[in-house]
Participant: 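Before we start, here is the structure in question, set down as structure tokens.
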Amino acid sequence: MLFSLRPKESRRELFDRDEEYKELTRLVNSGLWVAVLGKRMTGKTSLIKAFANENNGVYINLLGAKGVEDLAKNLLIGSGYKVDELAIDLKILQVKWSKVLEDAFQRVKDKIIVFDEVQEISSPHFLKVLKSVWDKYSGIRIVFSGSYVGILRKLLEPSPTSPLYGRKPATLTLKPFDRETSKNFLIAGFKEYPQVNYKESEIDEVVNRLNGYVGWLTYYGNFRCERRLSHEDALEETVKEGSKIILSELNNFLKNRKRELYIKALRTIRSGARWSEIKRELDINSKVLNDILKNLKSAMIIEEREGYYWIEDPITKEAVKKLRI
Ligand SMILES: Nc1ncnc2c1ncn2[C@@H]1O[C@H](COP(=O)(O)OP(=O)(O)O)[C@@H](O)[C@H]1O
Ligand SMILES: [Mg+2]
């Protein structure tokens, strides 16, 4: 069902994304490591999960994983270890986690390994293990995905001192659907619920309001068809629920950062602003400001073109309204 809220798991369930799927296949087959990037709710998880499933690969979600230890456990479970077996094995071994992780990689080295939400892992050991995995098992195929912060940035922009220097993964960026595709997505979704009536003007309004973020469109469709809300209520609920999700992600992003400055910057950027305007508003030196803007950009929260900054996702705009200093 297109309006199901869970990530899609097979190619058959994916709406559109044919080109991206083929490109991902091509990049992985050419032996490159690939990072699948894109804003929240553009369908990254669905794409890579379907890709892993269709290719007998291993999909590993690192949400909530803290370090190499959790990573190793997830990978072992993904490779078919039973959880109770694992608990016993790991108790006996007075383990060095990097070693366990390498062993875990060894077990799955012939499969395509897909790591989702990679940004969660902040351990520098991860990069070291990746390097040694790369050296040992040439040809090991790995796909990374997540919102572009933390470790993902270290993977994508390895500094000369990084173990992964010179091994930058190829990137594949998922864009929101264009207007036409968004409308067709909604129409195709509604087709699965012949008992639900909708008007074309409603579809237009939804796409105007939510843009081409397939995740938000799915929420709307689900509220409409599964929960049987009216068009107005479904749209309102989508914005409400969606901004709650984004708000908690923003709060997560702001941990250990200069919260007040970031929030001020986001509030200014919310209605679109030039660099000089933001600078005036925040009253900080250029270097600090540039750092903030760079971080917001690489976390795909804001957009920039020629010194003009804005927020594209309407739900993120709502969430910024709710951020408290
Ligand atoms: N290509 C697609 N076709 C149909 N539904 C999709 C597609 N991509 C994503 N979805 C739906 O959108 C929502 C968010 O997708 P998800 O893959 O979790 O996005 P992301 O990982 O980018 O945040 C889910 O409900 C999922 O089922
Ligand atoms: Mg995801």
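Just follow the structure's listing: the first ligand is 1, and inside any ligand the first atom is 1.
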Participant: Using a strict 4.0 Å cut-off to heavy atoms of K39, name the atoms of ligand 1 that fall inside it.
Facilitator: 22 (O)

Participant: Could you see which bit of S4 sits under 4.0 Å from ligand 1, with heavy atoms only: side chain, backbone, both or neither?
Facilitator: backbone

Participant: Once you restrict to heavy atoms under 4.0 Å, what part of T218 touches ligand 1? Side chain, backbone, both or neither.
Facilitator: side chain

Participant: Tell me: protein heavy atom nearest atom 13 (C) of ligand 1, and distance?
Facilitator: G215 CA, 3.5 Å

Participant: Would you call K49 a ligand 1 contact, heavy-atom distance under 4.0 Å?
Facilitator: no

Participant: Among R270, K39, K175, which residue meets the salt bridge (charged side-chain N to carboxylate O under 4.0 Å, His left out) test with E303?
Facilitator: K39

Participant: Is a side-chain donor or acceptor of S243 paired with a backbone partner of A319 at a separation under 3.5 angstrom?
Facilitator: no

Participant: Nearest protein heavy-atom contact for atom 25 (O) of ligand 1: which residue, which atom, what distance?
Facilitator: L5 O, 2.9 Å

Participant: Need the ligand 1 atom indices (1-based, order shown) with element for anything under 4.0 Å from a heavy-atom of G43.
Facilitator: 8 (N), 9 (C), 15 (O), 16 (P), 17 (O), 19 (O), 20 (P), 22 (O)

Participant: Where is the tightest heavy-atom contact between V206 and H231, given as atom of each residue plus distance?
Facilitator: CG2-CE1, 3.8 Å

Participant: Using a 4.0 Å cut-off to any heavy atom of S46, which atoms of ligand 1 qualify?
Facilitator: 8 (N), 9 (C), 10 (N), 15 (O), 16 (P), 17 (O), 26 (C)

Participant: Would you say I292 ends up clustered with L323 if hydrophobic residues are merged whenever their side chains have heavy atoms under 4.5 Å apart, either directly or through other cluster members?
Facilitator: yes

Participant: Do you reckon L24 sits in the same ILVMFWY cluster as I60, going by side-chain contacts under 4.5 Å, direct or chained?
Facilitator: no

Participant: Does the side chain to side chain contact (heavy atoms under 4.5 Å, CB included) test come out yes or no for V34 and T171, once each step is laid out?
Facilitator: CA-CA 6 Å; V34 186; T171 59; over 6 Å; no

Participant: Can I113 be reached from V143 by stepping across I, L, V, M, F, W or Y side chains whose heavy atoms are under 4.5 Å apart?
Facilitator: no

Participant: How far is atom 27 (O) of ligand 1 from the closest protein heavy atom, and which atom is that?
Facilitator: K8 NZ, 2.4 Å

Participant: What residue and heavy atom of the protein are closest to atom 18 (O) of ligand 1, and at what distance?
Facilitator: T45 CB, 3.8 Å

Participant: Does at least one non-hydrogen atom of F185 fall below 4.0 angstrom from an atom of ligand 1?
Facilitator: yes

Participant: Closer than 4.0 angstrom, basic N to acidic O: yes or no for D233 and R224?
Facilitator: no

Participant: Report, in ascending order of atom number, the atoms of ligand 1 lying under 4.0 Å from any heavy atom of R6.
Facilitator: 24 (C), 25 (O), 26 (C), 27 (O)

Participant: In terms of residue, atom name and distance, what is the protein heavy atom nearest to atom 23 (O) of ligand 1?
Facilitator: M41 N, 2.8 Å

Participant: Side-chain heavy atoms under 4.5 angstrom apart, residues restricted to Ile, Leu, Val, Met, Phe, Trp, Tyr: same cluster for Y59 and L14?
Facilitator: yes

Participant: Could you list the atoms of ligand 1 found under 4.0 angstrom from a heavy atom of R17?
Facilitator: 1 (N)

Participant: Give the C-alpha distance, both sets of side-chain angles, the deciding distance and a yes or no for side chain to side chain contact (heavy atoms under 4.5 Å, CB included) between R107 and V58.
Facilitator: CA-CA 11 Å; R107 293 170 60 99; V58 190; over 6 Å; no

Participant: Looking at CH2 of W33 and CZ of F115, how far apart are the two atoms once the value is rounded to the nearest 0.5 Å?
Facilitator: 9.0 Å

Participant: With respect to atom 1 (N) of ligand 1, which of F15, Y213, F3 exhibits the smallest heavy-atom separation?
Facilitator: F15

Participant: Looking only at heavy atoms of G38, does any of them come nearer than 4.0 Å to an atom of ligand 1?
Facilitator: no

Participant: Below 4.0 Å from any atom of ligand 1, is there a heavy atom belonging to D16?
Facilitator: no

Participant: As a test of understanding, state which of F190, Y220, F15, F223 forms a ring-ring contact (aromatic ring centres under 6.0 Å, His included) with F3.
Facilitator: F190

Participant: For the backbone of S286 and the side chain of N290, can you confirm whether one donor and one acceptor N or O come within less than 3.5 Å of each other?
Facilitator: yes

Participant: Which protein atoms of type N, O or S are found under 2.8 Å from the Mg ion (ligand 2)?
Facilitator: T45 OG1

Participant: Please write down residue, atom name and distance for the protein heavy atom closest to atom 6 (C) of ligand 1.
Facilitator: V214 CG2, 3.6 Å

Participant: Under a 4.0 Å threshold between the charged nitrogen and the carboxylate oxygen, would K73 count as salt-bridged to E69?
Facilitator: yes

Participant: Is the centre of the F51 ring less than 6.0 Å from the centre of the Y21 ring?
Facilitator: yes

